[in-house]
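The next block holds one structure in the form of structure tokens; read it before the comments.
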Protein chains: 2
Amino acid sequence: MSTPNVSGTASPPSGATAASRVFEALKQDLIRGRFAAGEKLAIGSLKTHYQVGLSPLREALNRLAAYGLLEQVNQRGFRVPPLRLDELDDIADLRSQLECMALTQAFQNGDAEWESQLLAAHHRLRRADERPEDVEAWEQAHLRFHRALLASCGSPWLLRFIEQLHDQFDRYRRLAPPNPGVRERLDRQHGELVQLAMERRIEQARALLDEHIGLSHGVARGACSAP
Amino acid sequence: MSTPNVSGTASPPSGATAASRVFEALKQDLIRGRFAAGEKLAIGSLKTHYQVGLSPLREALNRLAAYGLLEQVNQRGFRVPPLRLDELDDIADLRSQLECMALTQAFQNGDAEWESQLLAAHHRLRRADERPEDVEAWEQAHLRFHRALLASCGSPWLLRFIEQLHDQFDRYRRLAPPNPGVRERLDRQHGELVQLAMERRIEQARALLDEHIGLSHGVARGACSAP
DNA sequence: GAATTCCGAAAAATCGATTTTTTTAAAAAC
DNA sequence: GTTTTTAAAAAAATCGATTTTTCGGAATTC
């Protein structure tokens with residue numbers, strides 16, 4: 001792990017509590033792979049690293065464990081979940097299923113405002129594509145694009161689960177060795193998804209989204225070592 | 001709210017931390033509706049009620065908020081989520097979808113051990129049916145039956161989300177006025193589900209599970225007041 | 001020689017007190 | 001008469017210290 005995440009990409013602007021700030025910072029650092037998989041977290045060093053006291057830090061760790069980004073064992077602290085191939089497959093398969101479900105509903109409920117937001121998110125993503133040096137900007141734009149695609153689905157709980165799976169998935173993907181050829185194909189699919197969304201071609205869009213996640217899944221598998 | 005949950009139905013036997021104990025107790029009390037919907041939790045009185053210090057109590061509250069059984073607003077504490085009809089509908093619809101998905105996989109992967117556990121769980125549920133005075137015993141047997149039905153689905157993340165939705169759903173159902181006629185129909189459906197599971201009749205089973213949840217959904221709607 | 005027991009150090013969990021922020025209600029201003 | 005300001009009280013959040021439990025290695029036993 002490296003330097004503290006002073007101002008993360010999606011951190012609350014201000015007025016937040018220390019617990020919320022360290023929660024967001026830790027969450028981003030976990031997804032970005034700044035801790036080794038399976039590593040046991042040393043609370044003492046986290047305290048100095050994130051510059052917070054014990055109480056807010058422990059509250060943040062408890063939240064992250066409930067969210068699934070940490071494993072908690074009762075009298076022996078917190079550890080970063082290991083990267084397991086079977087778990088990644090589970091996450092990716094379920095992500096495909098849930099996102100296709102949400103996509104169908106999003107197409108049905110989507111209005112002009114949704115279309116506009118989707119176009120805007122796609123434009124931001126393309127602009128971020130042009131600056132490969134700022135990985136974090138691209139990652140944020142990418143996340144927001146996928147959110148915008150499903151935003152109009154109308155089911156808060158479905159979106160919640162998809163977000164959770166996305167965070168899990170990204171931890172694997174971001175730890176995997178980069179694959180430039182695939183990256184371009186993925187980028188092209190984003191544009192095609194927008195096109196299909198505008199025309200409400202649900203079946204083609206579902207197939208493409210499934211392929212999109214499958215392609216990313218293949219890349220992410222590179223993060224796993226053993227079984 | 002009433003007396004403290006000294007030994008909840010599913011509390012860890014021992015060796016648990018104070019935070020884990022109060023988490024389990026609070027979780028059960030929230031699902032059982034021992035707090036008013038929308039109520040703001042007074043941390044001071046929770047401390048005396050559950051006989052724990054501030055730190056483990058706050059850690060438990062943070063976990064419950066991350067799980068979705070509490071709402072947390074940054075500088076103003078924790079409150080019990082209100083009961084909203086549109087949210088219940090969302091929970092019930094998604095529960096149907098996810099459980100039918102899991103059921104299909106459970107039928108495909110289910111082996112003799114799964115069948116045995118399902119029969120055992122069903123038997124326990126029928127025995128609990130005979131003692132209507134012990135509501136908690138029936139509730140536990142019922143929860144375990146539904147777990148056993150989907151246990152062999154093979155997707156830990158799907159089961160996790162289903163469990164979470166089930167807890168959300170039960171909070172509504174248990175606050176709704178009882179409906180004796182429906183109760184008998186629901187009980188009969190459990191037996192039919194076992195029968196269909198043994199014979200792997202997936203389509204009929206999916207339809208029945210969907211109907212089962214829909215029926216319960218109708219009852220649970222009685223818990224909501226406004227829109 | 002392998003397994004077990006017994007320390008001492010390290011880490012996790014908890015407690016009690018302090019600080020910060022919000023809420024409430026009264027007083028003042030317009 | 002309504003709104004704004006102010007001050008006190010209450011509640012939330014945080015800190016530092018204490019207690020409890022686990023971990024690792026040396027000494028002991030079988």
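The distance between atom CG of A/Asn74 and atom C1' of D/dC23, rounded to the nearest whole Å, is 17 Å. For the pair B/Ile43 CD1 and D/dA13 C1', the interatomic distance rounds to 9 Å; values are reported in whole Å. Here the P atom of nucleotide D/dA11 and the CD atom of B/Gln75 are 16 Å apart, to the nearest Å. Separating the CZ atom of A/Phe23 from the P atom of D/dA13 is a distance of 15 Å, rounded to the nearest angstrom. For the pair A/Arg79 CZ and D/dT22 C1', the interatomic distance rounds to 13 Å; values are reported in whole Å.
For an aromatic pair to be called close, the ring centres must be under 6.0 Å apart, and A/His146 with A/His166 satisfies this.
For B/Arg76, taking side-chain heavy atoms from C-beta onward, the closest of the listed nucleotides D/dT14, C/dT23, C/dC15 is C/dT23. Among the nucleotides D/dT14, C/dC15, C/dT22, the one closest to any side-chain atom of B/Leu54 is D/dT14. Considering only the side chain of A/Thr17, D/dT14 comes nearest among C/dT23, C/dC15, D/dT14. The side chain of A/Phe78 lies closest to C/dA13, out of D/dC15, C/dC15, C/dA13.
A/Leu57 comes within 4.0 angstrom of nothing in the nucleic acid, heavy atoms only. Residue contacts shown for A/Lys40 are limited to sugar-phosphate atoms, with no base heavy atom under 4.0 Å away. Residue contacts shown for A/Leu41 are limited to sugar-phosphate atoms, with no base heavy atom under 4.0 Å away. Within the 4.0 angstrom heavy-atom criterion, only backbone atoms of the sugar-phosphate kind lie near B/Ala19; the bases stay farther away.
Taking 4.0 Å as the cut-off between side-chain N and carboxylate O, B/Arg173 and B/Glu139 count as a salt-bridged pair. The pair A/Arg160-B/Asp90 does not count as a salt bridge, with every side-chain nitrogen at least 4.0 angstrom from each carboxylate oxygen.
In this structure, B/Arg144 is not positioned above the aromatic face of B/Trp138 in the sense of NZ or CZ being under 6.0 Å from the six-membered ring centre and within 45° of the axis. Taking the ring centre of B/Phe78 as origin, the terminal cationic atom of B/Lys40 falls outside the region bounded by 6.0 Å and 45° from the ring axis.
Where A/Gln72 and B/Lys47 each meet DNA chain C at their nearest nucleotide, the meeting point lying more 5' is that of A/Gln72.
The side chain of B/Arg58 contributes no N or O atom lying less than 4.0 Å from OP1 or OP2 of D/dA12.
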